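Accompanying notes for the structure given below.
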Protein chains: 2
Amino acid sequence: MQGQEILPAIATHLLDSARTNGGKAPSERDLAEHFSVSRGQVREALAILEAMQVIERRAKSGIYVNTDNTGIEAMAFLARAGLPLENRQIYEAVEVRKIHEIKAAELAAARADDENFDRLRDILVRSEERIAQGEGIDGLDQEFHLEIVRATQNTLFLNICTAFYELGGNRLKVYFRDPDRNRKSHEEHKQIFEALVNRDAALASALMVSHLRGAMSYWSELLQPAELSD
Amino acid sequence: MQGQEILPAIATHLLDSARTNGGKAPSERDLAEHFSVSRGQVREALAILEAMQVIERRAKSGIYVNTDNTGIEAMAFLARAGLPLENRQIYEAVEVRKIHEIKAAELAAARADDENFDRLRDILVRSEERIAQGEGIDGLDQEFHLEIVRATQNTLFLNICTAFYELGGNRLKVYFRDPDRNRKSHEEHKQIFEALVNRDAALASALMVSHLRGAMSYWSELLQPAELSD
DNA sequence: TCGCCATCCTGGTACTACCAAAATGGCGGT
DNA sequence: ACCGCCATTTTGGTAGTACCAGGATGGCGA
């Protein structure tokens, strides 16, 4: 085990032992021995986790875990590292995503340039092909939505939205297993694209609202009932 | 120089040398010597910067700086560390902040609980005192706006919005040097609060739009002459 | 002038050694 | 038996050294 690969391992280990103990994690030396790496490696990982406010290192005392109070990029980072997220976290993320993308559609209608339109067209063509072959469009769905955000010409906005997509990542694939959902999504994408081309901000926004409503209801029934980790 | 204190110093140094050179930064050993710290300390700082995607460490090659492609929390972190932001970054941040807070007002009207109202009331009282003493309400303005976001009961949302506030931080103080602006802001805050208490989502949202328009025009003339949509 | 190879440089990693303060546990007094 | 004090241990913080292996570079020879 080497490189940044130990970060997710350490993070998982810390979160676990924090659950059993009272937020107190093993010492650096213990972690180093447990993962058979040098203390320096452990400290690098801990530095990152501390910067993300996932943990707190108290000098001469120990390492303490913050289960809550985790920012988006920290969550995106942890999700990327393969760590499980609480349903509540995903639920909140979905709500914020909705806020972002509805507004993005509105702004994109006014600001999208030829390159944005070209990329969107390309994504729709590839989606069509995928669907024709009976495959899911999960990756392309992300591309489509993020391209709309990119069309707002606000790179910071794009960064946040990208981070949010990474949160739901693996769970989204399940959504696009249903062929009907794929077709329906694709049709709605095409309508949104038309609205953008016509510079109709109100329509684009409205279409995005209803488009996301479908996905939202899916998340609702998937998450709300119980806290079963798939 | 010790502790995490070297991170901003190193970050600044890296960004500087990246500007002069072609994105290439000094080696770890040089950095360690330059700041009179051990290589381990440098590596901890670099690990954080790499996790934030501010830099890229290529094994056996060197350290390379990503001037663009910086996420919100990375920016917030760097801003917190006292690093300067580009006008464009602030400009984009302001636009996103606007998107967030208008929606936050709408959601807060429906979800705010007694604790939220209590805190908002308290903030308004303290604002009144400050203004009576001829002081600026810059810190309280932030508290007010973030409390509204907190009232959405979406902790993730709150995290993002907090990060965004930290971006503009120091520049906001200038805004609240003008007594008239303070009074006007405070009056608008009170109106928004009333709308929230009355659970009038549409009104709260509309008031927030006009409230932010004032601040936005300030930013516009301060930064770049361009379009900030609402 | 061009291509190849020895050398240097660089990040990656491990190990050792101290320091100082927090945490702990045992001892002694009450 | 309980409590308070103090010596010991633990822990994060930091520095320094040593090696490795592969990229980067420059000089030498064809």
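A quick note: this is a predicted structure, and the numbers were derived from the prediction, not measured. Lettering follows sequence order; numbering is per chain, from 1. Just so you know, these numbers use all the heavy atoms, side chains as well, and skip hydrogens, waters and symmetry mates.
- You'll find a donor-acceptor pair under 3.5 Å spanning the side chain of B:Arg39 and the base of C:dG12, going by distance alone.
- Using a 4.0 Å heavy-atom criterion, one finds that B:Ile63 contacts the sugar-phosphate atoms exclusively.
- In the interface, the side chain of B:Arg29 is paired with the base of C:dG11 through a donor and an acceptor atom under 3.5 Å apart.
- Distance, A:Leu7 CG to C:dG12 C1': 15 Å, rounded to whole Å.
- Residue-level contact check: B:Gly62 touches the backbone only, with heavy atoms under 4.0 Å from sugar-phosphate atoms and none from bases.
- When the P atom of C:dT13 is taken as reference, atom CD1 of A:Ile10 falls 12 Å away, rounded to whole Å.
- Between B:Ser61 and D:dG23 there is no side-chain polar atom (N or O) within less than 4.0 angstrom of OP1 or OP2.
- For B:Glu44 and C:dG12, the CD to P distance is 14 Å, given to the nearest whole Å.
- At most 12 heavy atoms of other shown residues, nucleotides or ligands fall within 6.0 angstrom of atom CG in B:Asp114.
- Two residues, B:Tyr64 and A:Ser27, neighbour DNA chain D, and the one matched to the more 5' nucleotide by heavy-atom proximity is A:Ser27.
- Taking the ring axis of B:Tyr165 as reference, the NZ or CZ atom of B:Arg97 stays within 45° of it and closer than 6.0 Å to the ring centre.
- The distance from atom CG of B:Leu46 to atom P of C:dT13 is 13 Å, rounded to the nearest whole Å.
- Where B:Ser38 and B:Lys24 meet DNA chain D, the nucleotide closest to each residue was compared, and B:Ser38 sits on the side nearer the 5' end.
- The side chain of B:Arg57 lies closest to C:dG11, out of D:dG13, C:dG11, D:dA15.
- B:Asn116 places a side-chain N or O within 3.5 Å of a backbone atom of B:Asp113 that can act as its donor or acceptor partner.
- When each of A:Gly40 and B:Glu28 is assigned the nucleotide of DNA chain C bearing its nearest heavy atom, the one mapping closer to the 5' terminus is B:Glu28.
- For the pair A:Arg58 CZ and C:dA22 P, the computed distance is 12 Å after rounding to whole Å.
- The aromatic rings of A:Phe117 and A:Phe193 sit perpendicular to each other, their planes meeting at more than 60°, with 30° as the lower class boundary.
- In this structure, B:Glu56 atom CD and C:dG12 atom C1' are separated by 15 Å, rounded to whole Å.
- B:Lys60 places its NZ atom 11 Å from the P atom of C:dG11, with the value rounded to the nearest Å.
- Out of C:dT13, D:dG23, D:dT14, the shortest distance to the side chain of B:Arg43 is found at C:dT13.
- What separates CG of A:Asp30 from P of C:dA23 is a distance of 17 Å, to the nearest Å.
- The backbone N or O of B:Ser17 lies less than 3.5 Å from a partner atom in the side chain of B:Thr20, making a donor-acceptor pair.
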